[in-house]
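Here the structure is laid out as structure tokens; the discussion comes afterwards.
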Amino acid sequence: MKYPWCDYRRRLSPLKLAVFTALFLPAAWTALAFATGNLGARPLTEAIHQQGLWTVRLILVALAITPLKAILQWQRLILVRRMVGVAAFTYVMLHFALYIADENFNLVTVASEVAKRIYLTIGFIALVGLAVLAATSTDKMVRRLGRRWQTLHRIVYVICALGLIHYSMQSKLEQWEPTIADGIFAWLMGYRLLAWKFAVRGRLALPWIAGLSVVATVLTGFGEALYFHLAFHVDLARVLAADFSLQTGVRPAVIVFAFSLIVLAAGLLRTRLAPPPKGRPRYA
Ligand code: HEM
């Protein structure tokens, strides 16, 4: 019997055990807050929101594992990717189940709402996509699908984009965290694009990561400005000015820049601790 906290050799993996335990915490926290009446005036709505947020966060974490594995030269990180992906699916099912409960278990209303409201339709398509990925994540399915498994699992990029659109659409004016999530997604996709073109033995030189940090930050700022301009006709220059100054609080572009710098610093530190053989460039 292979337990989720065992590695490929069926030995206990402390990394897998720690991640496995951590993945239960957000749901346990919501359940506890719900049971003790600490979820605000509309506990069910708040519980729906929290599980939705964790779905987005976990999809982003799953997408971050491949770049971090290369940048930190931490091969064992791959051991937890499937677990995080399956957890994202579990959280979206909780999110959906709570939504059904909020609609008094009336499945006809749920179906008609999903068909009528575009942000729910988009969310539902993403949920179906995650279900397909979860169902094809077993060792048996990976073996059976062979090379097609990797091709199929690339739909996670589309699923994440749909999840982020669903998130932004329902958040309306509250775009702070959705914009940060969009910026991090841009970084993660940019990394893959650069790695596909310029990686050597699966690793990308650090200057590429530095360039990517700048591009993702600028895209986040412009993306936020464009959203407020298109949705609320706010002057583009005004949002941009706010984006790149700290006077209006810490804007999403700044958080994305900080995230990029932390990853870059970790990459630098890692190459210093384990420098590449002489004559070879520094890789992340
Ligand atoms: C991968 C799929 C999905 C993801 C990533 C996702 C994520 C999210 C996120 C992040 C929020 C906002 C939380 C907040 O602002 O605090 C949200 C809200 C919501 N989602 Fe989803 N969701 C998904 C699928 C679905 C599905 C299938 C349904 C139902 C059919 C659904 C129904 C809702 C509802 C009702 C809200 C709250 C809207 C409001 O309060 O106005 N979501 N979702």
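Read the numbers this way: they start at 1 and go in the same order the structure lists the ligands and their atoms.
Here the shortest heavy-atom distance to atom 30 (C) of ligand 1, taken over Phe96, Phe124, Trp54, belongs to Phe96. Closest heavy-atom approach to atom 6 (C) of ligand 1 among the candidates Gln51, Arg117, His166: His166. Looking at Glu46, Glu177, His49 and measuring to atom 37 (C) of ligand 1, the nearest heavy atom belongs to His49. Looking at Val92, Leu53, Ile48 and measuring to atom 3 (C) of ligand 1, the nearest heavy atom belongs to Val92.
Using a distance-only test at 3.5 Å, with no hydrogens or angles considered, a donor-acceptor pair links the side chain of Thr271 to the main chain of Leu268. The closest donor-acceptor contact from the side chain of Thr121 to the backbone of Val114 lies under 3.5 Å. When atom types are taken as modelled, the side chain of Arg11 and the backbone of Cys6 share no donor-acceptor pair closer than 3.5 angstrom.
From the protein, the heavy atom lying nearest to atom 32 (C) of ligand 1 is Leu120 CD2, 3.4 Å. Scanning the protein heavy atoms around atom 35 (C) of ligand 1, the nearest turns out to be Tyr99 CD1, 3.4 Å. For atom 1 (C) of ligand 1, the nearest non-hydrogen atom of the protein is Ala126 CB, 3.4 Å. Counting protein heavy atoms only, atom 26 (C) of ligand 1 is closest to Gly123 C, 4.1 Å.
Distances below 4.0 Å separate heavy atoms of Gly52 from the following atoms of ligand 1: 7 (C), 8 (C), 9 (C), 10 (C). In the vicinity of Val56, heavy-atom distances shorter than 4.0 Å reach the ligand 1 atoms 5 (C), 10 (C). With ligand atoms numbered from 1 in the order given, ligand 1 contributes 30 (C) to contacts under 4.0 Å with heavy atoms of Val114. Taking a cut-off of under 4.0 Å to the non-hydrogen atoms of Tyr119, the atoms of ligand 1 that pass are 35 (C), 38 (C), 41 (O).
Ring pair Phe24/Phe20 is perpendicular by interplanar angle, where above 60° counts as perpendicular and below 30° as parallel. Taking the six-membered ring for Trp and thresholds of 30 and 60 degrees, Phe198 and Trp208 have nearly parallel ring planes, at less than 30 degrees apart.
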Could you go through Arg251 and Thr179, starting from their C-alpha distance and side-chain angles, then the distance that decides it, and tell me whether this counts as side chain to side chain donor-acceptor pair (under 3.5 Å)?
CA-CA 9 Å; Arg251 302 305 310 162; Thr179 312; over 6 Å; no
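Residues Trp187 and Leu212 approach most closely at O-CD2, 3.5 Å, considering heavy atoms.
No chain of hydrophobic side-chain contacts below 4.5 Å, direct or via other Ile, Leu, Val, Met, Phe, Trp or Tyr residues, connects Leu219 to Leu188.
For Thr55, no nitrogen or oxygen atom sits less than 3.5 Å from a nitrogen or oxygen atom of ligand 1, counting backbone and side chain alike. Considering backbone and side-chain N/O atoms, Gln170 comes within less than 3.5 Å of an N/O atom of ligand 1.
With salt bridges taken as basic N to acidic carboxylate O contacts below 4.0 Å, none links Asp139 and Arg144.
The atom of His95 nearest to atom 21 (Fe) of ligand 1 is NE2, with the search restricted to N, O or S atoms.
Taking the six-membered ring for Trp, Phe185 and Tyr157 have ring centres at least 6.0 Å apart.
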